[in-house]
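All remarks here apply to the structure that follows.
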Amino acid sequence: MPVHNSEIAAMFDHVADLLEIQDANPFRVRAYRNAADTVRDQSRSVAAMLDEGADLAELPDIGDDLAGKIAVIVRTGHLALLDEISDDVPEAIVAATRIPGIGPKRARKLFDALDLTSLDDLEKAAEDGRIARIAGFGEKTQARIRDELARGDITERRLRIDTAEEFGEPLLAWIRGIDGMEKAEIAGSYRRRKETVGDLDILVAGRDGGKIIERFTAYDEVEDIASKGKTRSTVTLRSGLQVDLRVIPSLSWGAALHYFTGSKAHNIAGRRRAQDRGLKLNEYGLFKGDEQIAGANETQIYDGIGLPWIDPVLRENRGEIEAAENGQLPDLVELGDVKGDLHAHTTASDGKNTLCEMAAAAKRQGYEYLAITDHSKSQTQAGGLGADELAAQIDAIAELNEKIDGIRLLAGCEVDILKDGGLDFHDSLLERLDLVVASVHSNFALDEDAQTERIIRAMDNPLVHIIGHPTGRLIGQRRAYALDIERLVGAARTRGCALELNANPIRLDLKDVHCRLAAEHGVRIAISTDAHSTGGLDHMRYGIDQARRGWLERGDVLNTLGLDDLVKALKRN
DNA sequence: GCCGTTTTCGGCCCGACTGTTTTCAGTCG
């Protein structure tokens, strides 16, 4: 069983957590966290890289020591250091650091001072007043610990980007109505368009921070105010979403926007560049000594550290700074480049709108084409079409195309990939289609080899144009099935098959680093909404955001082709 | 533990806020 990057990264993060509690050298702790980030961000499996004899010490923030540890993990599945320090630090202390306001130092002090061994112990101590008697702790801290533990939910909770928008956009609109407010934006991972966000970082330019924050904390969805100063406040909304607000002067707007957009790794790299130039970069601006030499807008900030402006979606320290330096930033695909949607359902299977309605909605999107891809017969619960029904739909689409202007419907199907990699319809029927999307909807539990081979076998059929939602994950609900992405990408390339980036915000499948991997190998990506209603076509923008995070350019995306070019591109042999 | 045109030691990003103190450590982003 190959060791996955995420498992190695989790081990390193765990080591960092434990070392921190042991009060180890903070830079050593950071080294483990940086290495975890590096491993997690690799689009290729480091186990496979090792197999090929790669020197992992060439990766950023991985030196000889950690490269050696990775090799051991890959070989044995274990990390001796982790086993050792796990014995010394109760897991409950790590869990306690997830309580807001409790970090490694205070968590350890709590457990040591009161001789605790579990979170239950900690909760009891909070209830009977023992915590407030520890030096450095008081009533407020005790109450917070008690309340957090009583809620029973101190695990990390991230919201999908579309959910975050539901709360964030109305709040932003409300903030923009506050007196004395000059500008406001949501920064953080929201602005970087990550698939999930942990909290909202809202930035406001204005003069009287105290007044603005006073109004902000009066928003009617605010349930709890964790902190409230003249420039900064943290609240929790009724929905449980944490919101951080910062007020800064207009002269620092660009610096602050840059700073609070992150990512942390991108910022650190930026501050290092500033240092290298004898400058200091913080959220107020770029400084030479005491003199502010940039700050009002982001372009100035980047200019000051010798770079062109970098799109927020790229700010993950995954090579964007080097690319910017060399004038090789990607010319990212945009929503306006999209000429059509290649995956949509109708009432014929489990969609909510008819062929006609979907066609009209696609025309309103300004598209040249829309592929109708209802489910195939194995998808009984989704009203999958039988062979006769699909044949009838092909005729209905031909007929409708005669009658309508300004949009071309492509006759397609989202055909099930069966357990053995065969398809749910005979080639004689698939041949009549303009477009075939092949997807896995069953047997998720196959092992990695079997699952990978199953999908590759489906691609062996030249009638298949696109593999739909290739990894099957549902964000926050279902893990991706076991799959060797690199093999899949390699197979897609040699077969001329495209991979889907499903734009539905619950899927966003492929994810960003895998899109980048595919594009690097010359595999085209189809960004498709998998719309089950006319409204579902609007999800395209989430797919575009994800594609941009994956460094995709227009030429990497199948459905940026106009109709004629698309039809040519769909001829696989 | 990583890193290096200041290169094998000695650095490692930076500021606001809270709670508990009474000048600051810890936490957070």
Side-chain angles (χ1 to χ4, degrees), chain A residues 12 15-16 19-21 23-39 56-70 79 81 96-110 131-145 156 187-190 192 197-203 209-210 213 217 225-235 242-248 252 255-256 258-287 305 317:
Chain A
F12 284 170
V15 168
L19 285 177
E20 213 168 13
I21 289 163
D23 205 18
N25 177 349
F27 299 106
R28 185 174 172 221
V29 173
R30 188 187 295 170
Y32 276 96
R33 291 207 197 286
N34 288 343
D37 287 344
T38 294
V39 171
L56 297 182
E58 283 172 14
L59 296 174
D61 297 325
I62 308 277
D64 287 339
D65 181 88
L66 289 179
K69 287 193 167 75
I70 292 172
L79 177 58
L81 172 66
T97 63
R98 297 195 199 111
I99 299 169
I102 302 298
K105 300 266 193 302
R106 290 158 70 77
R108 184 168 169 212
K109 190 166 182 185
L110 275 173
I131 290 177
R133 293 200 290 271
I134 305 172
F137 289 78
E139 292 292 338
K140 280 194 169 179
T141 306
Q142 176 167 276
R144 161 166 283 167
I145 291 171
E156 188 188 26
S189 46
Y190 188 94
R192 302 201 311 280
V197 303
D199 59 14
L200 291 181
D201 295 303
I202 304 185
L203 195 61
I213 281 170
T217 54
I225 302 172
S227 72
K228 186 170 149 184
K230 282 187 168 33
T231 67
R232 179 172 166 175
S233 170
T234 299
V235 304
Q242 182 177 305
V243 183
D244 293 326
L245 186 89
R246 277 96 168 182
V247 183
I248 43 93
S252 297
H258 175 260
Y259 184 91
F260 291 115
T261 294
S263 64
K264 202 170 174 181
H266 179 88
N267 283 354
I268 289 171
R271 284 195 285 275
R272 286 228 180 88
R273 276 185 83 85
Q275 274 193 333
D276 290 346
R277 286 166 171 69
L279 307 171
K280 189 176 74 170
L281 178 59
N282 61 26
E283 59 263 55
Y284 296 106
L286 186 63
F287 296 88
I305 56 175
N317 200 25

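In what follows, every chain begins at residue 1, and chains take the letters A, B, ... in the order their sequences are listed. Quick caveat, the model's predicted, so the values are computed rather than measured.
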Any heavy-atom pair between the side chains of [Y] and [X] that's under 4.5 Å?
X: A/Tyr190; Y: A/Asp201; answer: no
X: A/Asp23; Y: A/Arg108; answer: yes
X: A/Tyr32; Y: A/Leu19; answer: yes
X: A/Lys69; Y: A/Leu81; answer: yes

Without decimals, in angstroms, what is the distance between [X] [atom1] and [N] [atom2]?
X: A/Asp64; N: B/dG1; atom1: CG; atom2: P; answer: 12 Å
X: A/Lys109; N: B/dT27; atom1: NZ; atom2: P; answer: 10 Å
X: A/Ile145; N: B/dT20; atom1: CD1; atom2: C1'; answer: 14 Å
X: A/Ile21; N: B/dT27; atom1: CD1; atom2: P; answer: 10 Å
X: A/Leu110; N: B/dG19; atom1: CG; atom2: P; answer: 15 Å
X: A/Arg28; N: B/dG1; atom1: CZ; atom2: P; answer: 4 Å
X: A/His258; N: B/dG29; atom1: NE2; atom2: C1'; answer: 15 Å
X: A/Glu58; N: B/dG4; atom1: CD; atom2: P; answer: 12 Å

Remember a base hit wins even if backbone is also touched, and classify [X] as base, sugar-phosphate or nothing at under 4.0 Å, heavy atoms.
X: A/Glu20; value: nothing
X: A/Asn25; value: base
X: A/Lys69; value: sugar-phosphate
X: A/Asn267; value: nothing
X: A/Gln142; value: nothing
X: A/Pro60; value: sugar-phosphate

Expressed in whole Å, how much space separates the [atom1] atoms belonging to [N] and [M]?
N: B/dC28; M: B/dC13; atom1: C1'; result: 14 Å
N: B/dT18; M: B/dC12; atom1: C1'; result: 27 Å
N: B/dG11; M: B/dA16; atom1: P; result: 25 Å
N: B/dT21; M: B/dC14; atom1: C1'; result: 24 Å
N: B/dG15; M: B/dT6; atom1: C1'; result: 28 Å

Looking only at atom types and distance, does a side-chain atom of A/Thr231 sit under 3.5 Å from a main-chain N or O of A/Arg246, one as donor and one as acceptor?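 Absent.
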Short side-chain to backbone donor-acceptor contact, A/Thr38 and A/Asn34, under 3.5 Å: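 Yes, A/Thr38 side chain to A/Asn34 backbone: donor-acceptor pair under 3.5 Å.
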Given DNA chain B, 5'-ward residue of the pair A/Leu81 and A/Phe260, judged by closest heavy atom: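 Checking each residue's closest nucleotide, the 5'-ward one belongs to A/Leu81.
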I'd like to check the ring pair (Phe, Tyr, Trp, His ring centres under 6.0 Å) partners of A/Tyr259; sequence neighbours left out, ordered by chain and number.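 Testing A/Tyr259 for ring pair (Phe, Tyr, Trp, His ring centres under 6.0 Å), a comparison that skips the adjacent residues, returns none.
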With both distances under 3.5 angstrom, what nucleotide forms a Watson-Crick or G-U wobble pair with B/dG19?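 Paired with B/dC24.
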Sequence neighbours left out, what pairs pass side-chain hydrogen bond (donor to acceptor under 3.5 Å, both in side chains) with at least one residue falling in residues 267-286 of chain A?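 Counting only pairs at least two positions apart or across chains, the side-chain hydrogen bond (donor to acceptor under 3.5 Å, both in side chains) contacts touching residues 267-286 of chain A are A/Arg273-A/Glu325.
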If the cut-off is 4.0 Å, is A/Gln242 near the phosphate of B/dG29, judged by side-chain N/O to OP1 or OP2?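 Yes, because at least one side-chain N or O of A/Gln242 sits under 4.0 Å from OP1 or OP2 of B/dG29.
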Passing candidate, salt bridge (Lys or Arg N to Asp or Glu O under 4.0 Å) with A/Glu20, options A/Arg28, A/Arg33, A/Arg106: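 Filter result, single survivor: A/Arg33.
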Side chain of A/Arg272 only, please: which of B/dG19, B/dG29, B/dC12 is the nearest?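 Shortest atom-to-atom distance from the side chain points to B/dC12.
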What pairs of nitrogen or oxygen atoms, one from the protein and one from nucleotides 14-18 of chain B, lie under 3.5 Å apart?
unit_1: B/dC14; atom_1: O2; unit_2: A/Tyr259; atom_2: OH; d: 3.4
unit_1: B/dG15; atom_1: OP1; unit_2: A/Lys280; atom_2: NZ; d: 3.2
unit_1: B/dG15; atom_1: OP1; unit_2: A/Asn282; atom_2: ND2; d: 3.4
unit_1: B/dA16; atom_1: OP1; unit_2: A/Tyr284; atom_2: OH; d: 3.3
unit_1: B/dA16; atom_1: O3'; unit_2: A/Thr231; atom_2: OG1; d: 3.0
unit_1: B/dC17; atom_1: OP1; unit_2: A/Thr231; atom_2: N; d: 3.1
unit_1: B/dC17; atom_1: OP1; unit_2: A/Thr231; atom_2: OG1; d: 2.7
unit_1: B/dC17; atom_1: OP1; unit_2: A/Arg232; atom_2: N; d: 3.1
unit_1: B/dT18; atom_1: OP1; unit_2: A/Lys228; atom_2: N; d: 2.7

Sequence-aligned protein contact record of nucleotides 21-26 of chain B, with B where the base is within under 4.0 Å of a protein heavy atom and S where only the sugar-phosphate is: -----S
For A/Thr261, enumerate each residue passing the side chain to side chain donor-acceptor pair (under 3.5 Å) test, keeping only those at least two apart in sequence or located in another chain.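 Here the qualifying residues are A/Arg191.
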Contacts of type side-chain contact (heavy atoms from CB on, under 4.5 Å), residue A/Ala132, not counting sequence neighbours: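 For A/Ala132, the residues satisfying side-chain contact (heavy atoms from CB on, under 4.5 Å) (neighbours in sequence not counted) are A/Glu139, A/Gln142.
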